[in-house]
Amino acid sequence: MPELPEVETIKETLRPQLRGRVITGAELRLPRLLKIPEPDVFITLLKDKEIRDLSRRGKYLLVHLSDSHHLVFHLGMTGQLLYFPGNAPICKHTHLIFDLHNEHQLCFRDMRTFGKVYLVAVNELNLIRGLSTLGPEPLGPKFTPAYLTKALSGRRAAIKAILLNQKVLAGLGNIYGDESLFKAGIHPTRRASSLAGDEILSLHRAIGEVLTAGIRHRGTSFRDYVDGEGKSGHFQEHLAVYGRYQKPCLRCGTSLERTRVVGRSSVYCPRCQPL
DNA sequence: AGTCAAACCTGGGCGC
DNA sequence: TGCGCCCAGGTTTGAC
């Protein structure tokens, strides 16, 4: 599941490879992944565009092209973007292939096809609904304890649900959400408005620390994630709760429990994260 | 307006 | 060996 640290790592590994490359053509093998524009327009628009830079916003990866267009990817659950020399190995989950001027290829693979691709002019980025409604970057200056306090006030929903809401905060998913709540000692089903001031401070700090550690370890390769060069991350070796249901808590030894919040499983320590 | 459940999708693991 | 079932979950959509 590519969340913020995974997309950040993909961006960083692809940037030195893609900067300055010219796209000579593209093959779209699964058209339904392309949301904007129509496939023929997409192919025409891409041709001969130069890749100027790459950036990330939440879980979205943006490829800045010449002529003020952005190629935007959301990797869904199992999406991968891979840079290959020469002819890339085409597996059945390769849905989009970009040919580059240096005889290399950029491939978009996605087993479960939850990923999305867009090509829009810079002044039309607001057409991408999920991107334009994103909340602040959790590692950016706008994500302050005061912002989090305001975002949680009056909210009856579970704190875990709020953390997964991309309109509140951009880039957290199930892995880093669970890890942040454990680090802050907060039960995932706690009503958001019930958090005390010191708990909000603790959660704010935990989110920053968990995401920073995730990036430092080049992401979490729990199932499918690899970076732009096909390499796995290492944060799965440092997970405290995610994927550790019924295993002993690393802090107190209590068997970890699991609950469901807005349709997603949440693993937590009943002792370190009391209700 | 806020909240939740269902739908989209495929492979892995399980019981029988 | 193979079938049916459940699970994983980011986002959108529709219902209440």
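Atoms considered below: every heavy atom in the structure, side chains included; atoms not considered: hydrogens, waters and symmetry mates. Order of the sequence lines sets the chain letters (A, B, ...), proteins ahead of strands, with each chain counted from 1.
A straight line from NZ of Lys116(A) to P of dG10(C) spans 12 Å, rounded to a whole angstrom. Taking atom CG of Asp224(A) as the reference point, atom C1' of dG10(C) lies 14 Å away to the nearest angstrom. Going from atom CG of Asp110(A) over to atom C1' of dG11(B) covers 13 Å, rounded to whole Å. Computed from coordinates, the Glu3(A) CD to dA8(C) P distance equals 15 Å when rounded to whole Å. Rounded to an integer number of Å, the gap from Leu61(A) CG to dG10(C) C1' is 16 Å. For the pair Leu164(A) CG and dG9(C) C1', the computed distance is 10 Å after rounding to whole Å. The OH atom of Tyr242(A) sits 11 Å away from the C1' atom of dC7(C) (whole-angstrom rounding). Between the P atom of dT12(C) and the CG atom of Leu134(A) lies a distance of 9 Å, rounded to the nearest Å.
Applying the 4.0 Å criterion to OP1 and OP2 of dG2(B), one finds that Lys167(A) has every side-chain N and O outside that range. Within the 4.0 Å cut-off from OP1 or OP2 of dC7(C), not a single side-chain nitrogen or oxygen of Tyr245(A) is found. The phosphate of dG10(C) (OP1 or OP2) has no side-chain N or O of Arg129(A) nearer than 4.0 angstrom. Contact between the side-chain N/O atoms of Gln166(A) and the OP1/OP2 oxygens of dG10(C) is not found at any separation under 4.0 Å.
Residue contacts for Thr78(A): at a heavy-atom cut-off of 4.0 Å it reaches no nucleic acid atom on any strand shown.
The pair Glu137(A)-Arg57(A) meets the salt-bridge criterion, since a charged nitrogen lies less than 4.0 angstrom from a carboxylate oxygen.
Across its full length, the helix from dG2(B)-dC16(C) to dC16(B)-dG2(C) shows an angle of 50° between the axes of its 5 terminal pairs at either end, rounded to 10 degrees.
At most 12 non-hydrogen atoms from other residues, nucleotides or ligands lie less than 6.0 angstrom from CZ of Arg271(A).
For the atom pair CG (Leu30(A)) and CG (Asp110(A)), the distance works out to 8.5 Å, reported to the nearest 0.5 Å. Taking CD of Glu27(A) as the start and CD1 of Ile97(A) as the end, the distance is 4.5 Å to the nearest 0.5 Å.
Taking the six-membered ring for Trp and the full ring otherwise, His204(A) and Phe143(A) have centroids separated by under 6.0 Å.
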Derivation of the ring-ring contact (aromatic ring centres under 6.0 Å, His included) call for Phe235(A) and Tyr242(A): CA-CA 11 Å; Phe235(A) 196 61; Tyr242(A) 183 87; over 10 Å; no
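Across all non-hydrogen atoms, the minimal contact from Leu119(A) to His69(A) is CD1-CB, 4.1 Å.
Checked against Asp178(A) for a salt bridge (charged side-chain N to carboxylate O under 4.0 Å, His left out), the options Arg244(A), Lys183(A), Lys160(A) give a single hit: Lys160(A).
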Taking only N/O atoms, report every protein-nucleotides 4-10 of chain B pair under 3.5 Å with atom names and distance.
residue : atom : partner   : partner atom : Å
dT10(B) : O2   : Arg112(A) : NE           : 3.3

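Annotation: side chain to side chain donor-acceptor pair (under 3.5 Å) contacts of Ser180(A) (sequence neighbours excluded): none.
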